[in-house]
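Here the structure comes first, spelled out in structure tokens, and everything after it is commentary.
This one's a predicted model, so the numbers in the text were calculated from it and none came from an experiment. All heavy atoms count here, side chains included; hydrogens, waters and symmetry mates do not. Just so it is clear: chains get the letters A, B, ... in the order the sequence lines come, proteins before strands, and each one is counted from 1.
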Amino acid sequence: MNTNRVSAIIDNVNCYGDLHDLTAHRPLAMLPFDCKYRLLDFQLSNVINANIQALFLLMNQDDMQSVFDHINGGKEWGLDSLRKKFIMHFNKKNQEGESEQDFVSHVVDYLRKSGSEITVITGSKMLCNIDLKAIIKIHKQNNRSMTVVYKRVTSENISCDNLLIDLESDGNISSNNCKEELEPTEKYNLCMDIFIVRTEWIIEVLENCDKKVESIIKILREKINNISCMNYEYTGYLSNIYDIPSYYRANMDMLQPSKFNSLLYSNQKIYTKLANEVPTYYAENSVANNSHFASGSIVDGTVVDSLISRRCKISEAAVIEQSIIMASANIGKNAYIKNAILDKNVIVDEGVRIIGADTNPVIIKKDSHVTNDIVNRRNV
Amino acid sequence: MSMKVLSLYKGFMEGGKVIYSPNIMMKIEMLAMILAGGQGTRLGALTKHIAKPAVPFGGRYRIIDFTLSNCTNSGINEVGVVTQYQPLALNSHLGNGSSWGFDGIDSGLTILQPFSSSDGEKWFQGTAHAIYQNIAYIDQVNPEYILVLSGDHIYKMNYEEMLDFHKEKNASLTVAVIEVPINEASRFGIMNTDESSRIIEFEEKPEEPKNNLASMGIYIFNWQRLRTVLINSYSKDGQMIDFGKHVIPSYLDSGENVYAYRFDGYWKDVGTIDSLWEANMEFINIENDLDMRNHNWRIYSKNTISPPHFFTETAVIKNSLIVDGCYIAGEIKDSILSTDVRVKEGSKIEKSVIMPGATIGKNVFIKNAIIGENAVIGDNATVYSEEEISVVGYSEVIGVISNEY
């Protein structure tokens with residue numbers, strides 16, 4: 001065993017939230033974010049930035065296509081290097097969400113071969129830019145089996161499938177998870193589903209667990225109450241993405257420079273797939289205020305408080321406000337789009353209005369062609 | 001012993017010069033040699049610390065990306081890049097060539113720098129001399145044809161079509177030519193051709209040009225023939241320094257089949273401040289002849305790993321190109337902002353090219369200018385001259401009061 005070696009597991013990429021049409025064709029982790037990223041880029045980059053030598057990416061068999069499209073050989077994240085061991089595992093699940101195959105033994109096999117002393121296990125729904133190296137260092141200095149990473153958040157950042165933790169006076173932690181009793185003004189310790197463990201310990205745990213378990217994170221969450229854990233409070237930017245409003249909010253957060261800087265201009269870079277797109281062109285009559293743009297677009301119209309992805313065309317006199325426009329959209333002349341999320345390859349005809357509510361944006365499905373007005377001002 | 005091996009042995013002995021080539025690879029059809037060692041003195045401050053082909057262009061590119069991407073798109077798998085002058089930035093941009101797909105099993109990008117040997121030092125004295133000094137590399141790749149390119153032009157060209165033309169004409173040398181305005185022809189090497197496009201006369205910068213077909217500095221040679229010509233020359237008096245001045249006239253004198261291949265797309269030499277600025281200004285227009293938005297002939301570049309660009313509420317943007325990593329709070333008109341450029345509130349930029357990483361302070365006025373990589377323009381500064389294109393060099397600091405540091 002090499003004491004400097006760390007291996008990582010990104011668990012349960014197949015985890016679906018309540019995102020309706022946006023996650024009909026892709027796992028939640030593959031959702032586009034801030035014009036050019038996918039949510040998974042953040043966890044991958046966190047792992048790569050910690051110089052972790054081995055990575056096990058666990059996902060659902062049905063999601064292979066979109067994950068492979070994006071990651072391919074892992075070149076953009078340096079996962080194709082001789083020094084990195086990169087395994088993608090595709091798990092098959094039955095209708096009850098139980099694993100049909102014994103993926104746990106594959107994980108155990110991987111961990112044994114990795115020769116690592118420490119293993120990092122992370123989920124893929126929490127958007128953050130975290131310095132795992134620092135946490136690994138603290139974990140090593142303490143003689144506990146597991147370190148649990150949490151952040152103090154308000155109730156809007158918590159969904160019913162999250163785990164909250166209590167810090168006890170002796171430094172120990174315990175878990176509780178009950179969404180209904182939350183006070184809107186109070187702050188809670190949200191478990192970020194990032195765990196640092198001793199590799200030997202996790203191998204032992206996995207060997208003795210129920211082989212039909214759906215995720216490793218579920219096993220580790222259950223362990224919090226039974227063993228003595230270290231806790232680590234993360235203070236950087238975090239967004240917990242579990243439904244449309246939280247996804248919309250996280251994207252809109254990027255228009256606030258302090259949050260944008262905290263997530264994307266920290267000393268750890270976020271890597272994503274290279275697109276080799278041309279620069280974005282802004283025409284004589286274009287207006288772009290408080291907005292983000294990726295490359296490859298042509299902007300003739302007006303864009304305010306919005307995020308525009310790659311290869312979009314915003315025609316003359318079209319107006320886009322408080323919206324997320326994903327890649328390759330074509331917005332016709334005089335169209336008006338407010339509080340909406342347009343999935344990839346959407347075409348909006350001339351003069352069409354798409355209007356949603358402040359906290360409940362209208363969702364336009366991938367590849368759709370919008371020819372008539374869609375107006376829904378109802379908030380949730 | 002096969003013919004191929006025989007001819008190689010012959011090659012080894014020619015002119016009494018023995019060239020040791022380890023690991024002769026499987027024969028490939030055409031090798032591209034990009035001559036990227038020129039100093040580019042006419043670009044002044046912009047090429048003080050980096051080679052001309054590494055000068056940024058069009059927001060997210062460097063000049064050499066156009067030539068390299070043409071190779072990728074033309075199906076060329078092996079590229080040698082000859083470097084000499086200030087190669088650091090160029091070398092780090094090129095890496096192993098993976099940005100252009102040259103990192104595969106049967107492809108490669110090799111940086112060829114001058115080196116010393118038991119024959120003495122091998123500084124490259126001219127375009128043809130640079131090829132001569134790298135015979136060992138070319139023999140190792142063992143191509144049928146070599147394509148000689150320069151790394152300092154902005155254009156899209158299919159070299160495969162030029163090779164087809166070369167083979168069809170049974171040429172020994174094919175020179176790519178482009179029609180230039182006749183009143184400018186005396187600045188170029190002019191080819192006089194017969195009806196079948198065969199070159200019968202070559203005039204370097206003629207005072208009274210007979211036509212307007214200018215050499216683009218792009219050549220396809222039958223490698224074994226060129227190799228013999230170069231070795232013969234250097235074993236005697238060594239006059240073959242430059243392709244235009246020496247090799248082409250010598251080919252014509254000895255009655256070789258030399259053909260002109262006409263190119264009629266967009267082509268821009270960016271060797272001067274004025275032409276570099278002009279080419280950038282032309283690049284802004286989306287209807288530009290370069291057809292940049294055509295995905296069938298993409299121009300590739302190195303991944304810069306920057307977040308999307310951000311306009312604040314005070315930003316104003318007209319007829320401009322913006323790329324990843326920019327932060328814009330000022331007013332941008334008819335300009336190109338490259339990767340990671342910051343423009344603070346109250347600043348106004350018109351008809352200018354801002355190269356990667358430059359920071360523009362508050363209330364700055366920049367017009368008709370090229371701002372070099374990582375330059376810092378302090379608050380309230382003005383960069384504008386009525387007579388000429390203003391240039392701020394790489395990492396230069398302008399108008400910043402020293403106690404700010």
Side-chain angles (χ1 to χ4, degrees), chain A residues 33-37 41 45 73 75-78 80 129 251 254-257 260-261 263-266 268-300 302-311 313 328, chain B residues 57-61 65 69 72 98-101 103 280 283-288 290-295 297-329 332-342:
Chain A
F33 179 78
D34 193 18
C35 309
K36 62 179 285 193
Y37 302 99
D41 289 337
S45 300
K75 192 175 181 173
E76 277 94 350
W77 299 267
D80 61 343
N129 185 345
N251 274 282
M254 293 300 105
L255 299 178
Q256 297 177 32
F260 179 46
N261 289 341
L263 187 64
L264 287 159
Y265 279 101
S266 82
Q268 303 199 115
K269 285 190 171 180
I270 303 298
Y271 306 94
T272 189
K273 187 179 171 184
L274 172 68
N276 264 307
E277 273 303 337
V278 293
T280 289
Y281 174 75
Y282 297 86
E284 199 60 44
N285 296 318
S286 65
V287 175
N289 285 148
N290 194 35
S291 295
H292 276 197
F293 293 83
S295 47
S297 297
I298 298 175
V299 183
D300 265 300
T302 298
V303 178
V304 179
D305 304 330
S306 297
L307 302 110
I308 315 292
S309 298
R310 289 160 167 162
R311 293 179 303 279
K313 173 147 179 45
S328 306
Chain B
F57 183 85
R60 66 173 293 263
Y61 307 98
D65 290 342
S69 302
T72 305
S98 63
S99 299
W100 303 270
D103 57 341
N280 271 291
F283 194 76
I284 295 174
N285 186 352
I286 42 172
E287 269 131 45
N288 185 327
L290 265 177
D291 194 14
M292 283 303 291
R293 280 161 205 271
N294 180 352
H295 278 179
W297 202 277
R298 277 188 205 220
I299 303 302
Y300 303 97
S301 191
K302 195 181 168 193
N303 190 353
T304 52
I305 316 171
S306 295
H309 54 271
F310 182 38
F311 294 98
T312 68
E313 276 165 8
T314 54
V316 176
I317 176 105
K318 305 281 169 216
N319 188 40
S320 296
L321 293 179
I322 315 286
V323 301
D324 285 354
C326 289
Y327 168 90
I328 302 135
I332 317 292
K333 196 167 182 282
D334 307 320
S335 297
I336 296 181
L337 264 52
S338 313
T339 315
D340 299 333
V341 166
R342 262 142 283 182

Q | Part of B:Leu337 within contact of chain A (heavy atom distance under 4.5 Å) | A | neither

Q: Please name the residue in the list B:Arg298, B:Met292, B:Arg60 that meets the side chain to side chain contact (heavy atoms under 4.5 Å, CB included) test with A:Glu277.
A: B:Arg298

Q. Okay, side chain of A:Asn289, backbone of B:Phe311: is any donor-acceptor separation there less than 3.5 Å?
A. no

Q: Measure up the A:Phe293 and B:His309 rings against each other and bin them: parallel (under 30°), tilted (30 to 60°), perpendicular (over 60°).
A: parallel

**Q.** Residue pair A:Met254 / B:Pro307, side-chain heavy-atom distance below 4.5 Å
**A.** no

(Q) So for B:Thr339, is it side chain, backbone, both, or neither that comes closer than 4.5 Å to the heavy atoms of chain A? (A) neither

Q.
Counting heavy-atom pairs closer than 4.5 Å to chain A, which one of B:Ile299, B:Ile332, B:Ile284 comes out on top?
A. B:Ile284

(Q) Looking only at heavy atoms and a cut-off of under 4.5 Å, which of B:Ile322, B:Val323, B:Asn303 has the most pairs with chain A? (A) B:Ile322

Q: Specify which of A:Phe260, A:Tyr265, A:Tyr271 makes the most heavy-atom pairs with chain B at under 4.5 Å.
A: A:Tyr265

**Q.** 4.5 Å side-chain heavy-atom contact, A:Val278 and B:His295
**A.** no

Q) Which bit of B:Asp324 comes within less than 4.5 Å of chain A, counting heavy atoms only: side chain, backbone, both or neither? A) side chain

Q | Which atoms of B:Ser338 approach chain A - backbone, side chain, both or neither, heavy atom under 4.5 Å | A | neither

Q | Side chain, backbone, both or neither of A:Arg310 within contact of chain B (heavy atoms, under 4.5 Å) | A | neither

Q | B:Asn319 side chain reached by A:Tyr281 side chain, heavy atoms, under 4.5 Å | A | yes

Q: Determine the minimum heavy-atom distance between A:Tyr282 and B:Ile317, stating which atoms define it.
A: CB-CG1, 3.4 Å

Q | Most contacts with chain B, counted as non-hydrogen pairs under 4.5 angstrom, among A:Val299, A:Ile308, A:Asp34, A:Thr272 | A | A:Asp34

Q) To the nearest 0.5 Å, how far apart are NZ in A:Lys313 and CZ in B:Arg293? A) 9.5 Å

Q: Output the distance between atom OG1 (B:Thr314) and atom CG (A:Asn290), rounded to the nearest 0.5 Å.
A: 10.0 Å

Q. Could you give the distance from OH (B:Tyr327) to CG (A:Asn261), rounded to the nearest 0.5 Å?
A. 9.0 Å

Q: Among the options A:Ser297, A:Ala275, A:Ala283, A:Cys35, pick out the one with the most heavy-atom pairs lying under 4.5 Å from chain B.
A: A:Ala283

Q | Top of A:Pro257, A:Ser291, A:Ala294 for chain B proximity - count of heavy-atom pairs under 4.5 angstrom | A | A:Ser291

Q. Given that the side chain runs from C-beta out, which part of B:Tyr61 has a heavy atom under 4.5 Å from chain A: side chain, backbone, both or neither?
A. side chain

(Q) Once rounded to the nearest 0.5 Å, what's the spacing between atom CD1 of B:Ile305 and atom OG of A:Ser45? (A) 9.0 Å

Q.
So for B:Asn294, is it side chain, backbone, both, or neither that comes closer than 4.5 Å to the heavy atoms of chain A?
A. neither

